[in-house]
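These numbers were taken from a predicted model, which means no experiment stands behind them.
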Amino acid sequence: MTETTVDIVLFDGFDELDAIGPYEVFENGAQAGASLETRLVTLAETDLVTASHGLRVEPDGTLGNPDILLVPGGGWTTEDGVRAVVEAGTVPAAVGERFAAGATIASVCTGAMILAEADVLEGRPATTHAVAMGDLAASAATVHDARVVDDGDVLTAGGVTAGIDLALWLLEREFDAAIAAAVETEMEHERRGEVVR
């Protein structure tokens with residue numbers, strides 16, 4: 001069986017839990033039987049990435065052509081993190097390229113603004129952190145106040161801890177509800193709300 005590959009793209013100023021929460025869910029999913037390989041990646045080679053609260057992470061490598069590309073948020077209300085990434089344009093361009101090549105794209109929190117800049121969300125249902133709801137609506141997405149929105153090949157999650165719910169939903173959708181339930185039990189996490197589809 002071919003492994004499903006997940007790349008979580010990191011950039012300076014990303015929110016720690018937006019990336020590490022889903023990473024832990026996916027790693028636990030693999031241990032529970034999902035045929036899944038998850039990597040923390042950057043666009044260019046680098047030794048360390050510094051997250052919004054100062055955590056320094058050593059990436060596994062550079063962005064490949066994953067089956068699922070997950071984009072964290074962090075920093076939309078400042079000049080750092082997502083705001084800087086959107087203005088630079090390279091991460092949104094890479095997201096758009098992977099989407100055009102057939103990858104499923106997912107975002108957590110204000111990572112949805114990177115998807116919007118990549119023209120992935122136009123006319124689609126989506127969600128983000130409360131601080132960016134108005135900006136997301138202005139991007140031509142149809143905004144929902146939800147923890148997780150699933151539009152097939154594009155998924156978005158609300159603020160911070162919603163990324164854990166998103167990753168659990170992906171385990172359920174792509175592999176098996178029993179695997180997702182086992183991870184939920186292992187992590188002592190209870191999902192909130194229904195997935196908007």
Side-chain angles (χ1 to χ4, degrees), residues 6-11 13-26 29 38 51-53 66-78 80-87 91-92 94-96 98-100 103-174 177 180 183-184 187 189-197:
V6 179
D7 278 4
I8 301 174
V9 65
L10 305 182
F11 46 84
F14 78 91
D15 183 88
E16 285 86 343
L17 194 56
D18 286 5
I20 305 305
Y23 179 84
E24 184 166 339
V25 170
F26 293 139
T38 306
S52 63
H53 295 87
D67 299 306
I68 300 170
L69 172 57
L70 188 139
V71 181
W76 183 246
T77 58
T78 67
D80 303 321
V82 169
R83 178 77 63 180
V85 164
V86 165
E87 289 175 1
V91 173
V95 169
R98 295 331 183 267
F99 180 66
T104 294
I105 306 296
S107 69
V108 178
C109 196
T110 57
M113 299 311 299
I114 296 172
L115 272 57
E117 182 67 16
D119 293 326
V120 170
L121 295 181
E122 187 168 352
R124 288 178 176 265
T127 193
T128 187
H129 190 284
V131 300
M133 285 287 197
D135 291 326
L136 185 61
S139 77
T142 304
V143 177
H144 292 267
D145 183 12
R147 293 276 289 176
V148 177
V149 175
D150 180 349
D151 194 37
D153 54 359
V154 177
L155 299 93
T156 52
V160 195
T161 60
I164 295 171
D165 290 12
L166 170 74
L168 286 164
W169 168 246
L170 277 167
L171 283 181
E172 181 174 325
R173 188 184 93 166
E174 299 296 317
V183 173
E184 211 168 346
M187 294 180 68
H189 176 80
E190 186 174 338
R191 286 183 267 180
R192 292 186 5 223
E194 296 293 318
V195 173
V196 173
R197 300 178 79 185

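- Listed here is the closest heavy atom pair of G73 and T110: CA-OG1, 3.4 Å.
- Taken to the nearest 0.5 Å, the CD1 atom of I105 stands 8.5 Å off from the CG atom of D153.
- Classification of D151 and R197 as a salt-bridged pair fails, no side-chain N sitting under 4.0 Å from a carboxylate O.
- The pair R124-D119 does not meet the salt-bridge criterion, since no charged nitrogen lies less than 4.0 angstrom from a carboxylate oxygen.
- Contact check for V154 versus F99: side-chain heavy atoms found under the 4.5 Å cut-off.
- Judged as a side chain to side chain donor-acceptor pair (under 3.5 Å), the pairs with a partner in residues 128-138 (not counting sequence neighbours) are, in order, W76-D135.
- Heavy-atom minimum distance, P72 versus F11: O-CZ, 3.5 Å.
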Would you sort out whether D67 and T104 count as a side-chain contact (heavy atoms from CB on, under 4.5 Å), showing the intermediate values? CA-CA 6 Å; D67 299 306; T104 294; over 6 Å; no
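- Salt-bridge check for R191 with D165: failed, with every basic side-chain N at 4.0 Å or more from each acidic carboxylate O.
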Extract all donor-acceptor atom pairs below 3.5 Å that involve side chains of residues 137-144 and protein atoms in other chains or at least two apart in sequence.
{"from": "S139", "atom 1": "OG", "to": "L136", "atom 2": "O", "distance (Å)": "2.5"}

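- Using a 4.5 Å heavy-atom cutoff, the side chains of F14 and V82 are not in contact.
- Residue D145 qualifies as open at atom CG: its count of foreign heavy atoms under 6.0 Å is 12 or below.
- In terms of heavy-atom proximity, A116 sits nearest to L121 at N-CD1, 3.9 Å.
- The two residues P92 and A118 come nearest to each other via the heavy atoms O-CB, 3.2 Å.
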Full working for side-chain contact (heavy atoms from CB on, under 4.5 Å) between V95 and L69: CA-CA 8 Å; V95 169; L69 172 57; 4.0 Å; yes
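- For D15 (side chain) and L17 (main-chain N/O), a donor-acceptor pair under 3.5 Å exists by modelled atom type.
- Side-chain atoms of D150 and V196, non-hydrogen and from C-beta on, never get closer than 4.5 Å to each other.
- Annotation: side chain of L170 is in contact with side chain of R173 (closest heavy-atom distance under 4.5 Å).
- D18 and C109 make their closest contact through OD2-CB, 3.2 Å (heavy atoms, listed as atom of the first residue, atom of the second, distance).
- Counting heavy atoms from C-beta on, the side chains of L166 and V108 come closer than 4.5 Å.
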Determine all donor-acceptor pairs shorter than 3.5 Å in which one atom belongs to a side chain in residues 156-164; sequence neighbours excluded.
{"from": "T156", "atom 1": "OG1", "to": "T127", "atom 2": "N", "distance (Å)": "2.9"}
{"from": "T161", "atom 1": "OG1", "to": "R147", "atom 2": "NH1", "distance (Å)": "3.3"}
{"from": "T161", "atom 1": "OG1", "to": "R147", "atom 2": "NH2", "distance (Å)": "3.4"}

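- Closest heavy-atom contact between L115 and L155: CD2-O, 4.4 Å.
- With contacts defined as side-chain heavy-atom distances shorter than 4.5 Å, the pair I114/V9 does not qualify.
- Side chain to side chain, E184 and H189 fail the donor-acceptor criterion of an N or O pair below 3.5 Å.
- Here the side chains of V195 and V149 are not in contact, with every heavy-atom distance at 4.5 Å or above.
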